[in-house]
Amino acid sequence: MFASLAPVIVGAAGLVAASLFLFGLLRMSSPVTAPSGIRVAGVGMAVAVLASFLYAANVDAAAQPHLLVNIALAVVALTLGGGLAWRSGRTVAMTAMPQMVALYNGMGGGAAAAIAAVELLGVKTTGATALAVTLVGALIGAVSLSGSLIAWAKLDGVIEHPLRVKGQQAINGLVMAVSVAIGGWIVCAGAGVVEPVVALPTLIYAFFGCALVFGVLMTLPIGGADMPVVISIYNAFTGLAVGLEGYVLQNPALMIAGMVVGAAGLLLTLLMARAMNRSVGNVVFTRFGVAPGTRKQGAIQGSLKPMAPGDAGIAMRYASSVIIVPGYGLAVAQGQQKLFEFVKLLQAGGVRVRFAVHPVAGRMPGQMDVLLAEAGVPYDAIFQLEDINGDFPDTDVALIIGANDVVNPAARTDKSSPIYGMPILDADKAKKVFVVKRGEGKGYAGVVNTLFYADNCSMVYGDAQAVLVQMIEAVKSLGLPVAA
Amino acid sequence: MHTAIDITGLVALYIFVLAAFAGWVIIGRVPAILHTPLMSGSNFVHGIVVVGGVYALLGASTVQEQAIGFFAVLLGAGNAAGGYAVTDRMLAMFQAPVARTGQGNRSARVKHLHAKKH
């Protein structure tokens, strides 16, 4: 009786989970309802995980003797994996969020690949279609696992420079072709069309090996500023892998959740690529910045004009409107708290201050928004590119902190520039521009920023946090009355 | 092991296509300011893979299957728990416009967010 009821309960729990996931994501469309959205989705997850233990009522005869051990193992794995990840997620610094999300995402891909491995090695999946789906899911999951781990290492600073070798794409293509060929061989062998020649487990191990290597090779050459696209792609990959393994396990909750995330990841990937005016393939196959120095730059007029942080701070205090453009440099310097402290000083003096965020500023979609939110900036002060770009000409000061390529006017005017056509923030159109920057280096794209040489632009050199501290002191030392 | 539902090829395609449309439409509504929590939130959602891991582990009959199944549950649980923890933390920080005065106390801010809903 219970054995026939258990699958129904598991199925119902899956339906509840899938519905709550969708409802939770729906609530994420506004900052006001979003916190309840994740909690709703969390309830769905708890229901599905608890119900999954009812699978114990229907295990095969072969697994019966191991059932108690397996249940204990599952509880240990849940507590250990869940506990460790929970602790890290609760304590990680907001500036480290991109690598953390990459890591969790890789774990999901790895889990999908591991499920496929159990199915394949235990010969639990039969039939060409099911085998093929298992293998495709395994391939995507494994690539997502190793690729996300490399992305994590890059974002965390473990790997410092993009690794590019000659013939990279040929090597990548070859490894990919080999994994697909082995996968095809496994499907054909499973369908009885061909003899496996080597033992099936060996083929399966080789298949996973190639897939993992491909993920590493694919991610190594990709540079830091392309990370928003890469993280989005791997998010989509893991979703897809989970969805496909859900089909193999005949579990619609996994199919729905996986495919929803797959579509979401794809949408974000396209949005990010569009914000850089590049195709997704162009990012993944890294044709960008491969040969810096071979491109000819447009002639640069003007000179770099350094300015003391205090002077820049005081100039902004006397302005009537300021737009701040934050970039990855702000995150590196952990300067978001000081920035908002400075902004509050300006606001107390009656200056209108707004933030302009470029879609690909930072290392993952929306990273700047989260940093500003952490510092306490209310979300109605944060504007996206299309909403604020028209306001720069009427603005007294544009303050650029740790951003570079996203404000380079060459993207508008210089057809020879590699970033030509990329939508940028028109900070150069403000009456005065202050650029807070660590040194005279170029941006990620290796392109000279003509804005820095413009007549209305001054350079404030230094670490963003240190510069902001000096700006705050300078404005405070004025001792001006505070506007009501 | 058998499940309550039997999904054949074409039905699976129906589910995949409809779910993909739902994901595309729902995510398309999310404003750019919430893109990071959205990403970690959808990251959390694919943590449902842990259910598949439990299925694989409970049905394991060899040490090899137990080991890989354990690994699947471990990673899946990490995906789900980590994804939830970071998303919840980030979303609690997004501050309502009116709460501009009296910064610093996050719980006060969150309370304010809740108050605003009613």
Side-chain angles (χ1 to χ4, degrees), chain A residues 7-8 11 21 25-26 28-29 31 34-35 38 42 48 52 55-56 58-59 62-63 70 73-74 77-78 81-82 85-86 89-90 101 104-105 107-108 110-112 114-115 117-118 122 238-239 242 247 249-250 255-257 259-261 263-264 267 365-366 369-370 373-374 376 378 380 384, chain B residues 1 3-5 7 12 15-16 19-20 23-24 26-27 29-30 32-33 35-36 38 40-43 45-46 48-49 51-61 65 68-88 90-91 93-95 97 100 103:
Chain A
V8 179
F21 286 163
L25 286 174
L26 202 56
M28 284 221 187
S29 54
I38 185 67
S52 70
Y55 280 132
N58 296 86
V59 295
N70 288 349
L73 281 175
L78 274 177
W86 180 268
R90 280 279 146 200
V101 171
Y104 298 143
N105 186 54
M107 290 174 139
I115 292 168
V118 172
T238 301
V242 171
Y247 167 73
L249 301 183
Q250 295 280 294
M255 293 171 71
I256 293 173
M259 216 38 81
V260 164
V261 178
L267 179 63
D369 303 286
V370 169
E374 187 201 14
D380 69 338
Q384 305 300 321
Chain B
M1 254 194 282
T3 46
I5 312 149
I7 306 161
I15 294 177
F16 280 149
W24 186 275
I26 290 172
I27 302 312
R29 293 161 43 115
V30 177
I33 190 171
H35 273 169
T36 294
L38 162 73
S40 66
S42 60
N43 199 345
V45 166
H46 67 51
I48 186 76
V49 71
V51 168
V54 171
Y55 176 91
L57 179 53
L58 294 186
S61 50
E65 285 175 20
I68 305 175
F70 183 82
F71 190 60
V73 178
L74 192 75
L75 290 181
N79 180 181
Y84 184 91
V86 295
T87 310
D88 190 48
M90 282 193 281
L91 288 175
M93 294 185 320
F94 279 87
Q95 195 174 1
R100 205 167 288 178
Q103 313 292 343

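Just so we're on the same page: letters track the sequence lines, and every chain starts at 1. Fair warning: this is a prediction, and the values are worked out from it, not measured in the lab.
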I'd like to know if the side chain of A:Gln250 reaches the main chain of B:Ile7, judged simply by a donor and an acceptor atom lying under 3.5 Å from each other, with no hydrogens or angles considered.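 Yes.
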Donor-acceptor contact present, side-chain A:Asn70 to main-chain B:Ala60, <3.5 Å: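 Yes; judged by distance alone, with no hydrogens or angles, the pair exists.
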Indicate the atoms forming the closest heavy-atom contact of [X] with [Y], along with that distance.
{"X": "B:Ala72", "Y": "A:Ala111", "result": "O-CB, 3.4 Å"}
{"X": "B:Gly69", "Y": "A:Val118", "result": "N-CG2, 3.9 Å"}
{"X": "B:Gly83", "Y": "A:Tyr104", "result": "N-CD1, 3.8 Å"}
{"X": "A:Ala257", "Y": "B:Ile48", "result": "CB-CG2, 3.6 Å"}
{"X": "B:Ser61", "Y": "A:Ala62", "result": "CB-O, 3.5 Å"}

Looking at residues at least two apart in the chain, or sitting in another chain, which of them share a side chain to side chain contact (heavy atoms under 4.5 Å, CB included) with B:Ser42?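 Scan of B:Ser42 (side chain to side chain contact (heavy atoms under 4.5 Å, CB included), adjacent residues dropped) gives A:Asn235, A:Val261.
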With chain A as the partner, which of [options] has the greatest number of non-hydrogen pairs under 4.5 Å?
{"options": "B:Ala77, B:Ala12, B:Gly41", "answer": "B:Ala77"}
{"options": "B:Ala85, B:Gly23, B:Ala81", "answer": "B:Ala85"}
{"options": "B:Val49, B:Val73, B:Val30, B:Val54", "answer": "B:Val49"}
{"options": "B:Gly52, B:Gly76, B:Ser40", "answer": "B:Gly52"}

Flag the pair [X] / [Y] as yes when at least one side-chain heavy-atom distance between them is below 4.5 Å, and no otherwise.
{"X": "B:Leu57", "Y": "A:Leu73", "value": "yes"}
{"X": "B:Thr87", "Y": "A:Met28", "value": "yes"}
{"X": "B:Leu74", "Y": "A:Met107", "value": "no"}

Side chain / backbone / both / neither for B:Ile15 at chain A, heavy atoms under 4.5 Å: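 Side chain only.
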Calculate, to the nearest 0.5 Å, the distance between atoms [atom1] and [atom2] belonging to [X] and [Y] respectively.
{"X": "B:Ile68", "Y": "A:Ile115", "atom1": "CD1", "atom2": "CD1", "value": "11.5 Å"}
{"X": "A:Asp369", "Y": "B:Met93", "atom1": "CG", "atom2": "CE", "value": "10.5 Å"}
{"X": "B:Asn43", "Y": "A:Asn105", "atom1": "CG", "atom2": "CG", "value": "4.5 Å"}
{"X": "B:Asp88", "Y": "A:Trp86", "atom1": "CG", "atom2": "CH2", "value": "6.5 Å"}

Pick whichever of A:Ala48, A:Gly42, A:Ala77, A:Ala63 has the most heavy-atom pairs under 4.5 Å with chain B.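 Maximum pair count with chain B is reached by A:Ala77.
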Which of the residues A:Gly366, A:Gly110, A:Pro365 is involved in the greatest number of heavy-atom pairs with chain B at under 4.5 angstrom?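 Top count of heavy-atom pairs under 4.5 Å with chain B: A:Pro365.
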Flag yes if more than 12 heavy atoms outside B:Phe71 fall under 6.0 Å of its CZ atom; otherwise flag no.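 For B:Phe71, atom CZ is not crowded (no more than 12 foreign heavy atoms under 6.0 Å).
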Side chain to side chain donor-acceptor pair (under 3.5 Å) against B:Thr36, all qualifying residues, sequence neighbours excluded: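 With sequence neighbours excluded, B:Thr36 shows a side chain to side chain donor-acceptor pair (under 3.5 Å) to no residue whatsoever.
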Could you check whether the rings of A:Tyr55 and B:Tyr55 sit parallel, tilted or perpendicular, using 30° and 60° as the cut-offs?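 Perpendicular.
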